[in-house]
Amino acid sequence: MIKLDARLSAVASLVRDGVRVADIGTDHAYLLTYLIEKGVCPRGIAADLRKGPLENARQTVIEAGLTDKVELILSDGLENIIEGSCDDIVIAGMGGNLIAEILSKAHWIKNENLNIVAQPMTHAEVLRQFFVDNGFEILREKTATDGRRFYCIMSAKYSGKKSEQDISYIYTGQLFENNDETTKKYIEKLLTTLEKKHTALINAGKNDDDNLGRIIYEIRRNMENAKWLQ
């Protein structure tokens, strides 16, 4: 049986029960194998851009005895994934910029029945901005840590509506709806990073074109309103 680390466990927790999953950038196919072994999904697609990782995925699937339940596809993002072949799309372990780029190239993901689970390694704000600008609703967010790094994981679906959000939303999303220590530390670390960036900007005599000062203010205000963060 496959065991997942904290990051991939959090990713797995946002996949819906009983659906077909397409794991994009699957690497060793640990996540998809876990989901099938646990009975979360009946079958799925393991896709990767490179032949090496896809071969690693093949070995995992063979060892788990799941060759009849996993389709292995060589694909640049969602390029070779056929519309209608999956219900949940998972893209984990890539930068937020790259995930947003991958999603932007597949117009068929604008489907209210699809659930997108994304775990950006960097620039989560870029991915949230993509969802907001393109009519997707972020349903839920979770955080995870391996003791050294903190990660956020989000699920989203297409609604066709562009929501009006506070300027700080692309940095914190739905995280203030959580009530756990890992999320608290994630937000505190994020705030520290933004404050350092803002201070460096001021010291360099540059304009705050990205409105970091206002974003920091709003995050601090939300932290004050979220009693569990105090």
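Just so it is clear, the structure is predicted and the values come from calculations on it, not from any experiment.
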Can you find a pair of side-chain heavy atoms, one from Glu141 and one from Ile138, that are under 4.5 Å apart?
yes
Ring pair (Phe, Tyr, Trp, His ring centres under 6.0 Å) partners of Tyr30, counting only residues at least two apart:
His28
Do Leu194 and Tyr171 have side chains that get closer than 4.5 Å, going by heavy atoms?
yes
If you take all heavy atoms of Ala124 and Tyr186, which pair is closest and at what distance?
CB-OH, 4.3 Å
Tell me, which pairs form a salt bridge (charged side-chain N to carboxylate O under 4.0 Å, His left out) where one or both residues lie in residues 189-200, sequence neighbours left out?
Glu195-Arg220
Between the side chain of Ser159 and the main-chain N/O of Gly135, is any donor-acceptor distance below 3.5 Å?
yes
Joint hydrophobic cluster, Leu98 plus Tyr151, side-chain heavy atoms closer than 4.5 Å
no
Please check if the number of heavy atoms outside Ile82 that lie under 6.0 Å from its CD1 is greater than 12.
no
Apply the test side chain to side chain contact (heavy atoms under 4.5 Å, CB included) to residues Cys86 and Val21: give CA-CA distance (whole Å), side-chain angles for both, the deciding distance (0.1 Å), then the verdict.
CA-CA 5 Å; Cys86 59; Val21 176; over 6 Å; no
How far apart are the C-alpha atoms of Thr145 and Thr182, what are their side-chain angles, what is the distance that settles it, and do they pass the side-chain hydrogen bond (donor to acceptor under 3.5 Å, both in side chains) test?
CA-CA 7 Å; Thr145 181; Thr182 303; over 6 Å; no
Residue set satisfying salt bridge (charged side-chain N to carboxylate O under 4.0 Å, His left out) with Glu101, at least two apart, ordered chain then number -> Lys105
Keeping the roles fixed (side chain from Asp208, backbone from Asn211), state whether a donor-acceptor pair exists under 3.5 Å.
yes
Would you check, one step at a time, whether the test side chain to side chain contact (heavy atoms under 4.5 Å, CB included) holds for Ile99 with Phe130?
CA-CA 10 Å; Ile99 296 175; Phe130 168 82; over 6 Å; no
If you look at every heavy atom in Leu54 and Leu72, which pair is closest and at what distance?
O-CD2, 3.8 Å
If I take atom CD1 from residue Ile109 and atom CG from residue Leu103, how far apart are they, to the nearest 0.5 angstrom?
4.5 Å
Should Ile153 and Leu35 be counted in the same cluster of Ile, Leu, Val, Met, Phe, Trp and Tyr side chains packed under 4.5 Å apart?
yes
In one Ile/Leu/Val/Met/Phe/Trp/Tyr side-chain cluster, 4.5 Å: Phe136, Ile81:
yes
Any side-chain heavy-atom pair of Val15 and Leu31 under 4.5 Å:
no
Check ring pair (Phe, Tyr, Trp, His ring centres under 6.0 Å) between Phe150 and all other residues, then give those that pass, not counting sequence neighbours.
none
Side-chain heavy atoms nearer than 4.5 Å, only ILVMFWY residues, links allowed to pass through others: does that put Val19 and Val117 together?
yes
What distance do Asn97 atom CG and Met94 atom CE have between them, rounded to the nearest 0.5 Å?
13.0 Å
Main-chain N/O of Thr33 paired to Asp23 side chain as donor or acceptor, under 3.5 Å
no
SG of Cys152 to CD of Glu125: how many Å apart, nearest 0.5 Å?
9.0 Å
Pairs flagged by salt bridge (charged side-chain N to carboxylate O under 4.0 Å, His left out) wherever residues 73-100 is involved - sequence neighbours left out:
Arg16-Asp88, Arg20-Asp87
Minimal non-hydrogen separation, Ile102 against Gly77, with atom names
CG2-CA, 3.9 Å
Could you tell me whether Arg214 and Glu218 have a side-chain N and a carboxylate O separated by less than 4.0 Å?
yes
Checking Asn115 against Ile89 for the side chain to side chain contact (heavy atoms under 4.5 Å, CB included) test, could you report, in this order, the C-alpha distance in whole Å, the side-chain angles of both residues, the deciding distance, and whether it holds?
CA-CA 6 Å; Asn115 179 48; Ile89 297 169; over 6 Å; no
With the side chain counted from C-beta on, respond yes when Arg128 and Met154 share a heavy-atom pair under 4.5 Å apart, and no when they do not.
yes
Looking at CG of Leu139 and CG of Leu14, how far apart are the two atoms once the value is rounded to the nearest 0.5 Å?
9.0 Å
Salt-bridge test for Arg58 and Glu55: reply yes if a basic N is under 4.0 Å from a carboxylate O, no otherwise.
yes
Would a distance-only check, ignoring hydrogens and angles, find a side-chain to backbone donor-acceptor pair under 3.5 Å from Ser9 to Ala6?
no
Side-chain heavy atoms of Met223 within contact of Glu188, under 4.5 Å:
yes
Using only atom types and a distance under 3.5 Å, with no angle test, would you say the side chain of Thr143 pairs donor to acceptor with the backbone of Thr183?
yes
Asn113 backbone acceptor or donor facing Asn111 side chain under 3.5 Å
yes
Decide yes or no on side chain to side chain contact (heavy atoms under 4.5 Å, CB included) for Arg7 and Asp146, but give the supporting numbers first.
CA-CA 7 Å; Arg7 178 179 67 89; Asp146 58 10; over 6 Å; no
What about Tyr158 and Tyr169, same hydrophobic cluster or not, with Ile/Leu/Val/Met/Phe/Trp/Tyr joined at side-chain heavy-atom distances under 4.5 Å?
yes
Without swapping roles, check the side chain of Thr60 against the backbone of Asn56 for a donor-acceptor pair under 3.5 Å.
yes
Tell me, do Thr172 and Ile219 make a side-chain contact under 4.5 Å, heavy atoms counted?
yes
Closest approach of Leu127 and Gly96, non-hydrogen atoms and distance?
CB-O, 4.2 Å
Hey, what do you get for CD1 (Ile167) to CD1 (Ile216), rounding to the nearest 0.5 Å?
11.0 Å
Using every non-hydrogen atom in the two residues, find where Val11 and Gln119 come nearest and quote the distance to one decimal.
CG2-CB, 3.8 Å
Verify whether one side chain among Gln59 and Glu63 offers a donor that lies under 3.5 Å from an acceptor in the other.
no
Would a 4.5 Å heavy-atom cut-off, applied to side chains only, mark Phe131 and Glu137 as touching?
no
Enter the distance from Leu78:CG to Ile91:CD1 here, rounded to the nearest 0.5 Å.
5.0 Å
Could you walk me through whether Glu177 and Lys142 pass salt bridge (charged side-chain N to carboxylate O under 4.0 Å, His left out), step by step?
CA-CA 10 Å; Glu177 294 187 4; Lys142 301 187 74 171; over 6 Å; no
Atom pairs and distances, side-chain donor-acceptor, residues 36-50, under 3.5 Å, sequence neighbours left out:
from	atom 1	to	atom 2	distance (Å)
Glu37	OE1	Ile2	N	2.9
Arg43	NH2	Asp68	O	3.2
Asp48	OD1	Arg50	N	3.2
Asp48	OD2	Thr26	N	3.3
Asp48	OD2	Asp27	N	3.0

